[in-house]
Amino acid sequence: MKERNELYPVFLKVSKLNILVVGGGNVGHEKLHFLLKSSPNANVEVVAKWFLPETEELALKHGVKLTKSRYKRKFLKKRHVVIAATNDAKLNKRVHRHAKKRYLLANIADTPELCDFYMGGIVNKGHVKIAISTNGKSPTTAKRLRQFFEEVIPENVNEMVENLNEYRKTIKGDFEAKVNQLNSLTESLIEKKEKDD
Ligand SMILES: C[C@@]1(CC(=O)O)c2cc3[nH]c(cc4nc(cc5[nH]c(cc(n2)[C@H]1CCC(=O)O)[C@@](C)(CC(=O)O)[C@@H]5CCC(=O)O)C(CC(=O)O)=C4CCC(=O)O)c(CCC(=O)O)c3CC(=O)O
Ligand SMILES: NC(=O)C1=CN([C@@H]2O[C@H](COP(=O)(O)OP(=O)(O)OC[C@H]3O[C@@H](n4cnc5c(N)ncnc54)[C@H](O)[C@@H]3O)[C@@H](O)[C@H]2O)C=CC1
């Protein structure tokens with residue numbers, strides 16, 4: 001059978017998690033930038049020997065702590081997630097080893113095989129969020145798809161979510177009755193229905 005993407009997407013409440021980014025160069029900056037673009041209140045600290053000026057600016061804006069230091073194992077204390085993005089491949093592997101000992105989720109930016117999860121391309125319209133992954137095969141494709149969907153998904157998709165949320169609160173009856181009402185109200189949105197799921 002052809003290889004397919006078997007990753008399971010989840011939407012993390014990163015304001016409730018302690019995230020450490022190791023590395024504050026180009027890649028550390030990109031990871032932080034997209035994390036904060038999607039989740040401005042992410043609870044994140046960055047440790048690196050040096051930082052780019054744009055990282056310092058971004059950190060100031062979002063109240064992100066920047067720690068100028070060489071990486072040490074103790075930085076992993078009380079973290080849920082670690083993202084290693086230094087230019088030192090050996091160090092990134094060491095971070096992975098330390099993270100595994102502590103059962104932390106790890107993203108090792110230069111080594112997809114060592115990642116427990118990948119960062120995705122993210123499209124955001126109000127309450128609606130779409131995450132895109134190419135199974136680590138082509139991040140550029142993820143970026144282009146993100147840009148494509150940002151263009152084609154109508155801005156007013158959020159109005160529909162908010163209206164349906166209001167309506168949802170007013171429906172009486174059991175779960176099945178609610179599902180039926182919401183389904184019939186939104187039926188016209190899809191032209192062809194193969195089967196309900
Ligand atoms: C596996 C993964 C792990 C992870 O980092 O989570 C990973 C790994 C690597 N990326 C590399 C390169 C590039 N990454 C980007 C951009 C993004 N990379 C992102 C995610 C991921 N990158 C994860 C897989 C996601 C998936 O499943 O598709 C995005 C989507 C999200 C984000 O960064 O938050 C963000 C776009 C955000 C946006 O714009 O929306 C660009 C394009 C650009 O910057 O313009 C390039 C250059 C061109 C190219 O290579 O395609 C390299 C090679 C390094 C080298 O050669 O030295 C590796 C390592 C390797 O593959 O070995
Ligand atoms: N996943 C992705 O999206 C991508 C991954 N990469 C990979 O990411 C890696 C990083 O590249 P860049 O960010 O461009 O490097 P860079 O040179 O711009 O930045 C390196 C950062 O690592 C820090 N660092 C190095 N040694 C350290 C130590 N002992 N303790 C703490 N911090 C330390 C530096 O202080 C600096 O902040 C490369 O290996 C590259 O192959 C590259 C492009 C995209």
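Values reported hereafter were calculated over all heavy atoms of this structure, with side chains retained and with hydrogens, waters and symmetry mates removed. Both counts, for ligands and for their atoms, begin at 1 and track the order of listing.
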**Q** Do me a favour and list the nearest non-hydrogen protein atom to atom 21 (C) of ligand 2 with residue, atom name and distance?
**A** Gly25 N, 3.7 Å
**Q** Counting heavy atoms only, which part of His29 comes closer than 4.0 Å to ligand 2: side chain, backbone, both or neither?
**A** neither
**Q** Considering only heavy atoms, does Ala89 approach ligand 2 within less than 4.0 Å through its side chain, its backbone, both, or neither?
**A** neither
**Q** By number and element, which atoms of ligand 2 are closer than 4.0 Å to a non-hydrogen atom of Lys31?
**A** 1 (N), 2 (C), 3 (O)
**Q** Atoms of ligand 2 less than 4.0 Å from Gly24 heavy atoms?
**A** 21 (C), 36 (C), 37 (O)
**Q** Look at the side chain of Thr186 and the backbone N and O of Leu182, then say whether any donor-acceptor pair between them is shorter than 3.5 Å.
**A** yes
**Q** Counting each atom of ligand 2 from 1 as listed, which ones have a heavy atom of Thr86 under 4.0 Å away?
**A** 9 (C), 10 (C), 22 (O), 24 (N), 25 (C), 33 (C), 39 (O)
**Q** Taking His80 for its side chain and Asn18 for its backbone only, find out whether a donor-acceptor pair lies under 3.5 Å.
**A** yes
**Q** Give the residue, atom name and distance (to 0.1 Å) of the protein heavy atom nearest atom 1 (N) of ligand 2.
**A** Ala109 O, 3.0 Å
**Q** Quick check: does any side chain N or O of His62 sit under 3.5 Å from a backbone N or O of Pro40, one acting as donor and the other as acceptor?
**A** yes
**Q** Evaluate Phe51 for polar contact with ligand 2, using N/O atom pairs at a separation under 3.5 Å.
**A** no
**Q** Which residue from Asn87, Thr111, Thr55, Val27 reaches closest to atom 20 (C) of ligand 2 through any of its heavy atoms?
**A** Asn87
**Q** Using a strict threshold of under 4.0 Å (side-chain N to carboxylate O), is an ion pair present between Arg146 and Glu150?
**A** yes
**Q** Pairing donors with acceptors under 3.5 angstrom, does anything connect the side chains of Thr86 and Asn92?
**A** yes
**Q** Checking the N or O distance criterion of under 3.5 Å, is ligand 2 in contact with Ala48?
**A** no
**Q** Which is closest to atom 41 (O) of ligand 2 in terms of heavy atoms, Asn92, Ile83, Asp110?
**A** Asp110
**Q** Let me check something: do Phe75 and Ile19 share a hydrophobic cluster, defined by ILVMFWY side-chain heavy atoms less than 4.5 Å apart, either directly or through other members?
**A** no
**Q** Can you find a side-chain donor-acceptor pair between Asn124 and Lys129 that sits under 3.5 Å?
**A** yes
**Q** Is there a side-chain contact between Lys178 and Arg168 in this structure, where contact means two heavy atoms from C-beta onward sitting under 4.5 Å apart?
**A** no
**Q** So which protein residues pack against ligand 1 under 4.0 Å, heavy atoms counted?
**A** Lys31, Phe34, Asn107, Ala109, Asp110, Pro112, Tyr118, Met119, Gly120, Gly121, Ser133, Thr134, Asn135, Gly136, Pro139, Thr140, Ala142, Lys143, Arg146
**Q** Please verify the inter-ring angle class for His29 with His33; under 30° counts as parallel, over 60° as perpendicular, anything in between as tilted.
**A** parallel
**Q** Is the shortest side-chain heavy-atom distance between Leu20 and Ile83 below 4.5 Å?
**A** no
**Q** Between Val44 and Phe51, is there a shared hydrophobic cluster once you connect ILVMFWY residues whose side-chain heavy atoms come closer than 4.5 Å?
**A** yes
**Q** If you have a sec, work out which protein heavy atom is nearest atom 18 (O) of ligand 2 and how many Å separate them, to one decimal?
**A** Asn26 N, 3.1 Å
**Q** Tell me yes or no: between the side chains of Ser69 and Lys49, is some donor less than 3.5 Å from an acceptor?
**A** no
**Q** Please write down residue, atom name and distance for the protein heavy atom closest to atom 34 (C) of ligand 2.
**A** Trp50 NE1, 3.6 Å
**Q** So is there a nitrogen or oxygen of Leu91 less than 3.5 Å from a nitrogen or oxygen in ligand 2?
**A** no
**Q** Hey, does Lys49 come in under 3.5 Å of ligand 2, counting only N/O atoms on both sides?
**A** yes
**Q** Quick one: do Lys100 and Asp116 make a salt bridge, cutoff under 4.0 Å?
**A** yes
**Q** When you measure from the heavy atoms of Met119 to every atom of ligand 2, does any distance fall below 4.0 Å?
**A** no
**Q** Quick one: look up the protein heavy atom nearest atom 30 (N) of ligand 2 and list residue, atom name and how far away it is.
**A** Tyr71 N, 2.9 Å
**Q** Any donor-acceptor pair under 3.5 Å linking the side-chain atoms of His98 with those of Tyr71?
**A** yes
**Q** Can you tell me how far CZ of Phe149 sits from CD1 of Ile122, rounded to the nearest 0.5 angstrom?
**A** 14.5 Å
**Q** Could you say whether the N/O atoms of Val22 and ligand 2 ever approach to under 3.5 Å?
**A** no
